[in-house]
Each structure stands twice: as structure tokens, then as C-alpha cells.
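So the structure is just underneath, and the comments pick up after that.
Any value given below was found using the heavy atoms of this structure, including those in side chains, with hydrogens, waters and symmetry copies removed.
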Amino acid sequence: ISVELYVSMNMSKHLRSLLTQLRSGILSLEIETGRYYGITREQRICKQCNLHVIENEQHFLFDCPKYITYRTALHNRLQEANLDDTKFTVKMEFLFSSCKIIITLAKYTEISLKHHA
């Protein structure tokens, strides 16, 4: 069994925890927290923007307008790799593929969640 790269990287326990939550689908987004309150999947709408879409990992990482200023570095990494218009799973695989990119992802996740109301 191989261990994901981010698990063995030299980063704070907090950042590693955020990446683990993101990777596991348990980050405190509406898609996850809504389950605890019995909210149907279709009603787990992002409260951070007015797009009226489900707040899931894809929306949080790539689409929510609230985080656009924090997303610049992450977006630039995807553009450099010509992955802007690819599937979510391909983007996620890329974002977890190298130390430099993982740090960018961790920092984006941390700063965005600090502004997550």
C-alpha cells in the first residue's frame, strides 16, 4: 500500500488535516454538513455565493466566486498544466501530485475556510 505524498510532507498538522478532510470528502462544506441535519443532497446549497448550486469540493475549489482572489495560484497551476477544462478527478489527481502543488492547494484550502461563514 502506498501512502499519499501529502501525508509524508513536512507541513503543519493543521494543513495535513485539511488536505485529509478534502481528500476524504469530509471538509466542512454543505455537501457534508447537510447530511447531519437531514438536508437532502439537492438542498445542500452553497451559502457563500448566489449561484444556487450544491457546495461540494468541486464548487469550493474551482467555482465559488467568493474565493476567486484566493484561487489565483491554484488556477495558475492548472493553467500551466493545461488542465483548466478537464474533469474534476483529473484536476484532483494533479493537485495531489507534487509537493509544490500540494502546498498551493493546502494554502488555498486554509485561507478559503477562514473566510467560510
Side-chain angles (χ1 to χ4, degrees):
I1 297 176
S2 64
V3 175
E4 295 233 20
L5 179 60
Y6 77 93
V7 173
S8 59
M9 286 177 56
N10 183 17
M11 70 172 74
S12 72
K13 183 179 179 181
H14 173 69
L15 289 180
R16 190 175 297 105
S17 174
L18 288 176
L19 291 177
T20 300
Q21 291 172 49
L22 176 65
R23 193 68 157 163
S24 303
I26 59 169
L27 202 60
S28 60
L29 303 174
E30 287 297 316
I31 191 68
E32 175 65 10
T33 58
R35 288 186 322 118
Y36 303 120
Y37 300 107
I39 300 169
T40 63
R41 189 177 194 287
E42 300 76 33
Q43 295 300 312
R44 298 177 200 169
I45 304 300
C46 180
K47 295 175 182 169
Q48 310 305 313
C49 69
N50 294 319
L51 295 180
H52 303 289
V53 297
I54 295 171
E55 185 187 38
N56 57 20
E57 289 81 2
Q58 180 171 342
H59 177 72
F60 172 75
L61 289 173
F62 307 117
D63 303 324
C64 189
K66 179 171 183 175
Y67 311 114
I68 196 162
T69 55
Y70 315 124
R71 190 180 293 127
T72 305
L74 198 61
H75 183 70
N76 289 344
R77 298 260 185 229
L78 291 168
Q79 276 187 321
E80 290 165 7
N82 293 317
L83 293 176
D84 255 356
D85 298 320
T86 58
K87 289 196 268 183
F88 176 70
T89 53
V90 174
K91 288 179 183 177
M92 289 300 284
E93 188 176 314
F94 172 75
L95 293 175
F96 280 92
S97 69
S98 81
C99 293
K100 200 171 189 180
I101 298 166
I102 289 170
I103 293 298
T104 302
L105 176 61
K107 288 179 179 177
Y108 167 79
T109 304
E110 180 181 45
I111 190 112
S112 296
L113 285 179
K114 281 183 182 174
H115 294 90
H116 193 267

Using a 4.5 Å cut-off on heavy atoms from C-beta on, say whether the side chain of [Y] contacts that of [X].
X     : Y     : value
Arg23 : Met92 : yes
Leu15 : Tyr6  : no
Leu95 : Leu78 : yes
Asp63 : Gln58 : yes

Tell me if the [atom1] atom of [X] is crowded by more than 12 foreign heavy atoms within 6.0 Å.
X     : atom1 : answer
Lys66 : NZ    : yes
Ile68 : CD1   : no
Glu4  : CD    : yes

Practice item. Might you work through the side chain to side chain contact (heavy atoms under 4.5 Å, CB included) test for Gln48 and Phe60, ending with a clear yes or no? Key: CA-CA 9 Å; Gln48 310 305 313; Phe60 172 75; over 6 Å; no
Quick check: closest heavy atoms across [X] and [Y], and the distance to 0.1 Å?
X     : Y     : result
Glu57 : Ile31 : OE1-CG2, 4.2 Å
Gln79 : Asp84 : CG-OD2, 3.0 Å
Cys99 : Leu5  : N-CD2, 3.8 Å

Exercise for review: Please lay out, stage by stage, how Ile102 and Met11 fare under the test side chain to side chain contact (heavy atoms under 4.5 Å, CB included).
Suggested key: CA-CA 10 Å; Ile102 289 170; Met11 70 172 74; 3.8 Å; yes
Exercise for review: Using side-chain contact (heavy atoms from CB on, under 4.5 Å) as the criterion, point out the one residue from His59, Gln43, Arg41 that pairs with Ile54.
Suggested key: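 Among the candidates, only Arg41 passes.
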Review point. Hey, is the main chain of Thr109 close enough, under 3.5 Å, to the side chain of Ser112 for a donor-acceptor pair?
Key: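 Such a contact is absent between Ser112 side chain and Thr109 backbone.
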Review point. Is there a donor-acceptor contact under 3.5 Å from the side chain of Ser17 to the main chain of Lys13?
Key: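 No: the side chain of Ser17 does not pair with the backbone of Lys13.
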Exercise for review: For side chain to side chain contact (heavy atoms under 4.5 Å, CB included), just list the numbers for His116 and Leu29, CA-CA rounded to whole Å, side-chain angles, deciding distance to a tenth of an Å, and then say yes or no.
Suggested key: CA-CA 9 Å; His116 193 267; Leu29 303 174; 4.1 Å; yes
Review point. Can you list the steps and then say if Tyr108 with Phe62 is a ring-ring contact (aromatic ring centres under 6.0 Å, His included)?
Key: CA-CA 11 Å; Tyr108 167 79; Phe62 307 117; 8.4 Å; no
Review point. Salt bridge or not for Lys47 and Glu55, using N-O below 4.0 Å?
Key: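 No, no charged N to carboxylate O under 4.0 Å.
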